[in-house]
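One structure below.
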Amino acid sequence: MVHALRPSFLVALMVGLSFLCAEAQADDTAQYGSKVAEPARIKQTMIGNTFGGVLDQTGQDWVEYYCDSGKSLFLIDNKLMLGKWWLKASKVCFTYEADGYNHPECFDMYQKADRSITWVGFDKVNQRVMTFQSNPPLAGDPNHLEQRAARGCQPEPSV
C-alpha cells in the first residue's frame, strides 16, 4: 500500500536534512578556527598582507599578496599569476589571469588564535573542493611579488 507524503512532512524533512548538512560542514571546518564573515574584518586581514601555506588537495606550497586595488599576486610552482579578489556576501572570491579570469571560486575564510588563515571552497552540493591553509599573515610584500609582476598592484587600464 502506497501512502502519499504530506507537504508539511516533506518541508520538515528538508529542513532537517539542511540542518544536518550544515552541522556536518561546521564540524568538518572547526579544525580551521572561527569563521570570518564580516566584510570589514576580511578586508582588514587581507589587504596589504602576504599569506603562504599549502594547498591541502595537492600538497603544493603557495604564496599570495593581496593588493588594496583588488588584485592579487599568486605564486605557486614557482609561477607568478595575476589574480583578482573580492567579497561576495561573507565569502572571498578569486579568479586568475591564467584562465582568462573566467573561473571565479569563492571560499569561506577561517582564522585561528595564532592568526593563521584557512580558505575553504565548497561545490554546489556543499562538498569541500579546495582548502588553502596559510601561516599567519606577513605585513607587506616580503617576497617582492609586486616588483616581479607586470603592472604589480596597479588597476587594469581602462578601455
Return yes if some donor-acceptor pair links the side-chain N/O of [X] with the main-chain N/O of [Y] below 3.5 Å, else return no.
{"X": "Q133", "Y": "V54", "result": "no"}
{"X": "Q57", "Y": "T131", "result": "yes"}
{"X": "D99", "Y": "Y101", "result": "yes"}
{"X": "D141", "Y": "E146", "result": "yes"}
{"X": "T50", "Y": "G140", "result": "yes"}
{"X": "D114", "Y": "S116", "result": "yes"}
{"X": "T58", "Y": "Q60", "result": "yes"}
{"X": "K71", "Y": "Q154", "result": "yes"}
{"X": "K88", "Y": "C93", "result": "no"}

Quick one: [atom1] on [X] to [atom2] on [Y], what's the gap to the nearest 0.5 Å?
{"X": "M46", "Y": "Y65", "atom1": "CE", "atom2": "OH", "answer": "12.0 Å"}
{"X": "R151", "Y": "C67", "atom1": "CZ", "atom2": "SG", "answer": "12.0 Å"}
{"X": "C153", "Y": "L73", "atom1": "SG", "atom2": "CG", "answer": "5.0 Å"}

[X] vs [Y] side-chain heavy atoms within contact, under 4.5 Å:
{"X": "S72", "Y": "M81", "answer": "no"}
{"X": "L75", "Y": "E64", "answer": "no"}
{"X": "C106", "Y": "V92", "answer": "no"}
{"X": "P137", "Y": "Y66", "answer": "no"}
{"X": "L87", "Y": "K43", "answer": "yes"}
{"X": "Y96", "Y": "L82", "answer": "no"}
{"X": "L80", "Y": "L145", "answer": "yes"}

Give me the atom names and distance for the closest heavy-atom approach of I42 to S90.
CD1-O, 4.0 Å
Please name the pair of heavy atoms, one in P39 and one in A89, separated by the smallest distance, quoted to 0.1 Å.
CG-O, 4.4 Å
For S34, the side-chain contact (heavy atoms from CB on, under 4.5 Å) test, sequence neighbours excluded, returns none
Side chain to side chain contact (heavy atoms under 4.5 Å, CB included) evaluation trace for L138 with N49:
CA-CA 6 Å; L138 299 174; N49 289 318; over 6 Å; no
If hydrophobic clusters are built by linking Ile, Leu, Val, Met, Phe, Trp and Tyr wherever their side-chain heavy atoms come under 4.5 Å apart, do M109 and L55 end up in the same one?
yes
Near-ring test F122/F107, centroid separation under 6.0 angstrom:
no
Mind telling me whether F74 and F132 have parallel, tilted or perpendicular rings, with 30° and 60° as the class edges?
perpendicular
Show your reasoning for whether side chain to side chain contact (heavy atoms under 4.5 Å, CB included) applies to R41 and Q111.
CA-CA 11 Å; R41 186 163 163 227; Q111 187 171 34; 2.8 Å; yes
One pair to check against side chain to side chain contact (heavy atoms under 4.5 Å, CB included): W62 and F51. What are the steps and the verdict?
CA-CA 8 Å; W62 61 273; F51 292 85; 3.9 Å; yes
Before giving the answer on side chain to side chain contact (heavy atoms under 4.5 Å, CB included), spell out for M130 and E105 the whole-Å C-alpha distance, their side-chain angles and the decisive distance to 0.1 Å.
CA-CA 9 Å; M130 280 190 276; E105 298 283 344; 3.7 Å; yes
